[in-house]
Amino acid sequence: MSNRKLLLIFAFPLVLGLFFRLLRLDVISFSYDQARDAFLSQEILAGNLKIVGPPTDLQVVFHGPLYYYVSALFYFFSKDPRFVVVCFAILNILSAIPLGFLVYKMFSSRFTVWVFFLLYALSPELIFYGRFLSNVSLVIPSLSLGFTALYLIPKKRMEILAGVGLGLAAQAEFFLLSLFPLTLIYLALNRQSKKIITIFSASYLLSISPYFLAELKFKFRGLLTFLEFSGSSHSGPVEILNRFVFGFSSLFARNYFSVSPSVIFVIILISLVFLFQKNKTSFSFLAFYLFAVVPLFIFTSPGPIFFMIGSIIPLLIIVSSTTTTKPLFGTMLVGLIIITNMPIAIKGVEAGATFTGSETGMILRDEMAAVDAVYSYGYNLSYNSITSPLYMNTTWSYLFSWYGKQKYGYVPMWHGNNQIGVVGALANKPSTGNEDFDALIIENRVPEKWIKEISAIETYRAKPQETKKFGQITVIFGKRIK
């Protein structure tokens, strides 16, 4: 077979995967986190460099700043979040290539590589992360380099790339710092030399150096908070078991829809047995990193979905390996997965499931329609918003300063709470108090109590005239009382 035909065959699943990642860009999620990160990423372009990234669930503990710098590169070309999603989608699908090289080194089978590419392309979770504007979207690209280099260390001496890949993954997701001590154990068990382990460690520590800089600048506040959290948030044995079952069941469900997680778990165990019989080196590597997150289950927070993102890679490779270890079983299994995943990919992952919860309702298409409705009342209008988090207008500040200003030439005035200290505050234009119309934008996932309280205050300013719904977003328009 000619190289051109071979290239086309391997390119097909990757092109298909990119197509699904770019399908219906108007329904991508764009809520507070995405708007905040868009503002902060663009501050880098203005010379305001960052040493911390987005906050973790522990609030004063932050991820690394890698996501801000990568996003800044994309926002340099366009402030449109859809353009940035396209860039991340391309990065996501290209990350399959080094992993395909890893699969070939493990099993010496082009067909197994092709199957892996297809499973990678159709994984609902990987499609989601290819479209999700979040720091965790950089975990897969980082680990694709780290895992591939790590496996090749004995023959190719790629410990520097391995350290950098795993270090960048830890910047993208704070809790993946746990992979470092586990990888040292893995290298020691595989009898790697002290020189290799030292070089790997040095490159890893250099890659996570922003964490050290941040701790020095903020007087170890993050470290102290994490130590306090570690000492007070341990789960009991039953809770750990429950989190383990929930975590892996969810992982299977997010990647193999319409198949019982318990059935998939049994299939994975069977696949590991086949792999152990055929290739013990690959078995030890894949099993080690599939279950490397298990120590994190002792903590009551965060939820497993984010720190288990790295487990997708060994999971997909293990399933792909069955086409080599047990061809008939593997072909039937892969066929079943493709049949169940294809409708989800075609329909759109946002419609197929809720992955993090944060993407529910805050859809860019609906937000842009709400912005258009506000501008339909003309220049002589000011607006307020009821948001989650409360009193933080960051999402709408970004939407009006990017989409609204680009389309209509100005930013509407703001009469809500003072936004001092809130990200995006400078994008708000304070109300003069002389406008003829008011608009109140109400997001979804806002407690009814907040809506009633703030809406009541708004009635003292303007008499409600019209209510419009855009998906799960409500906009109430009123005539100003003078």
- Query: Does a side-chain heavy-atom distance below 4.5 Å link D366 with K469?
  - Reply: no

- Message: Please report the interatomic distance OG(S207) to CG(L168), rounded to the nearest 0.5 Å.
- Response: 5.0 Å

- Is there a side chain to side chain donor-acceptor pair (under 3.5 Å) between S320 and Y120 once you walk through the steps? CA-CA 10 Å; S320 303; Y120 185 101; over 6 Å; no

- Message: Has Q42 got a side-chain atom pairing as donor or acceptor with A38's backbone, closer than 3.5 angstrom?
- Response: yes

- Message: For V86 and F74: C-alpha separation, side-chain torsions, deciding distance, then whether side chain to side chain contact (heavy atoms under 4.5 Å, CB included) applies.
- Response: CA-CA 10 Å; V86 170; F74 300 150; over 6 Å; no

- Exam field: side chain S123 to backbone L126, donor-acceptor pair closer than 3.5 Å: yes

- Passing option when F88 is tested against Y129, Y67, F83, F132 for ring pair (Phe, Tyr, Trp, His ring centres under 6.0 Å): Y67

- Query: Can you name the nearest heavy-atom pair linking Y375 to P412, along with the distance?
  - Reply: OH-CD, 3.0 Å

- Mind checking whether Y379 and Y408 have ring centres under 6.0 Å apart? no

- Message: Working to the nearest 0.5 angstrom, can you tell me the gap between L23 CG and I28 CD1?
- Response: 13.0 Å

- S78 side-chain N/O to D80 backbone N/O, donor-acceptor pair under 3.5 Å: yes

- Task: For residues F147 and Y151, establish whether the separation of their ring centroids is below 6.0 Å.
- Result: no

- Yes or no on side chain to side chain contact (heavy atoms under 4.5 Å, CB included) for E367 and F30, after CA distance, side-chain angles and deciding distance? CA-CA 8 Å; E367 294 166 338; F30 193 80; 3.5 Å; yes

- Using the side chain to side chain contact (heavy atoms under 4.5 Å, CB included) rule, take I44 and Y68 through it: C-alpha gap first, then chi angles, then the decisive distance, then the call. CA-CA 8 Å; I44 293 175; Y68 287 159; 3.7 Å; yes

- ring pair (Phe, Tyr, Trp, His ring centres under 6.0 Å) assessment of F297 paired with F307: CA-CA 10 Å; F297 288 124; F307 67 70; 5.8 Å; yes

- Go through the side-chain N and O atoms of E458 and S455 and say whether any donor and acceptor fall under 3.5 Å apart. no

- Message: Checking the side chain of S41 only, and the main-chain atoms of D37 only, is there a donor and an acceptor separated by less than 3.5 Å?
- Response: yes

- Message: Could you go through I90 and L22, starting from their C-alpha distance and side-chain angles, then the distance that decides it, and tell me whether this counts as side chain to side chain contact (heavy atoms under 4.5 Å, CB included)?
- Response: CA-CA 9 Å; I90 294 172; L22 299 181; 5.6 Å; no

- Determine yes or no for a side-chain-to-main-chain donor-acceptor pair under 3.5 angstrom, with T395 supplying the side chain and Y32 the backbone. yes

- Task: Would you check if S401 and F39 make a side-chain contact, meaning some heavy-atom pair closer than 4.5 Å?
- Result: yes

- Got a second to check how far I441's CD1 is from L399's CG, nearest 0.5 Å? 8.5 Å

- Message: I need the I317 CD1 to L286 CG distance, nearest 0.5 Å.
- Response: 5.5 Å

- Evaluate ring pair (Phe, Tyr, Trp, His ring centres under 6.0 Å) for Y403 paired with Y398, printing each intermediate quantity in order. CA-CA 8 Å; Y403 172 68; Y398 191 84; over 10 Å; no

- Query: Minimum heavy-atom separation for N384 to W414, with atom names?
  - Reply: OD1-CH2, 3.3 Å

- Task: Identify the two heavy atoms, one from Y75 and one from L45, that lie closest to each other, and give their separation to 0.1 Å.
- Result: C-CD1, 4.1 Å

- Query: With distance as the sole test, does S95 use its side chain to make a donor-acceptor pair with the main-chain N or O of L91 at under 3.5 Å?
  - Reply: yes

- Sub-4.5 Å side-chain heavy-atom contact between L205 and F212: yes

- Query: Would you say the side-chain atoms of S29 pair up with the backbone N or O of I363, donor to acceptor, closer than 3.5 Å?
  - Reply: no

- Before giving the answer on ring pair (Phe, Tyr, Trp, His ring centres under 6.0 Å), spell out for F62 and F174 the whole-Å C-alpha distance, their side-chain angles and the decisive distance to 0.1 Å. CA-CA 7 Å; F62 294 82; F174 171 81; over 10 Å; no

- Message: Under a 3.5 Å distance rule, please check whether E173 uses its side chain to pair with a backbone N or O of F175 as donor and acceptor.
- Response: yes

- Item | Expected output: side-chain R365 to main-chain V27 donor-acceptor under 3.5 Å | no

- Query: Do I454 and L390 come close enough that some side-chain heavy atom pair is under 4.5 Å?
  - Reply: yes

- Close side-chain approach of S321 to M106, heavy-atom, < 4.5 Å: no

- Okay, side chain of Q34, backbone of S134: is any donor-acceptor separation there less than 3.5 Å? no

- Query: Could E215 and K217 be called an ion pair, given the rule that one side-chain N must be under 4.0 Å from one carboxylate O?
  - Reply: no

- Task: Show your working on salt bridge (charged side-chain N to carboxylate O under 4.0 Å, His left out) between K468 and E466 and close with a plain yes or no.
- Result: CA-CA 7 Å; K468 293 184 177 182; E466 180 182 22; 3.8 Å; yes

- Query: Between F288 and Y186, how do the two ring planes meet: parallel, tilted or perpendicular, split at 30° and 60°?
  - Reply: tilted

- So how far is it from E159 CD to L152 CG, rounded to the nearest 0.5 Å? 11.5 Å

- Message: For I338, is the CD1 atom crowded, meaning more than 12 foreign heavy atoms sit under 6.0 Å from it?
- Response: yes

- So, for A169 and L143, which heavy atoms are closest and what is the spacing to 0.1 Å? CB-CD2, 3.5 Å

Name the atoms and distances for all side-chain donor-acceptor pairs under 3.5 Å in residues 419-428, with sequence neighbours left out.
| from | atom 1 | to | atom 2 | distance (Å) |
| --- | --- | --- | --- | --- |
| Q419 | OE1 | N393 | N | 2.9 |
| Q419 | NE2 | Y391 | O | 3.0 |
| Q419 | NE2 | N417 | O | 3.2 |
| N428 | OD1 | N393 | ND2 | 3.1 |
| N428 | OD1 | S397 | OG | 2.8 |
| N428 | ND2 | S397 | OG | 3.4 |

- Query: Thinking salt bridges, do D372 and K407 make one under a 4.0 Å N-O criterion?
  - Reply: yes

- State, yes or no, whether a side-chain contact exists between L94 and I97 at a heavy-atom distance under 4.5 Å. yes

- Do L145 and V164 come close enough that some side-chain heavy atom pair is under 4.5 Å? no

- Donor + acceptor pair across side chains of H415, S431 (<3.5 Å): no

- Note on the structure: Which of F400, Y377, W396 passes ring pair (Phe, Tyr, Trp, His ring centres under 6.0 Å) with Y383? It is F400

- Does some side-chain heavy atom of P81 sit less than 4.5 Å from a side-chain heavy atom of L133? yes

- Item | Under 3.5 Å side-chain donor-acceptor pair for Y104 and T112 | no

- Message: Once rounded to the nearest 0.5 Å, what's the spacing between atom CG of L102 and atom NZ of K105?
- Response: 10.5 Å

- Can you name the closest pair of heavy atoms from L179 and A292 and give their distance? CD2-CB, 3.7 Å

- Message: Does F12, at its CZ atom, have more than 12 non-hydrogen atoms belonging to other residues, nucleotides or ligands within less than 6.0 Å?
- Response: no

- Taking every heavy atom of Y204 against every heavy atom of A170, the minimum-distance pair comes out as OH-CB, 3.6 Å

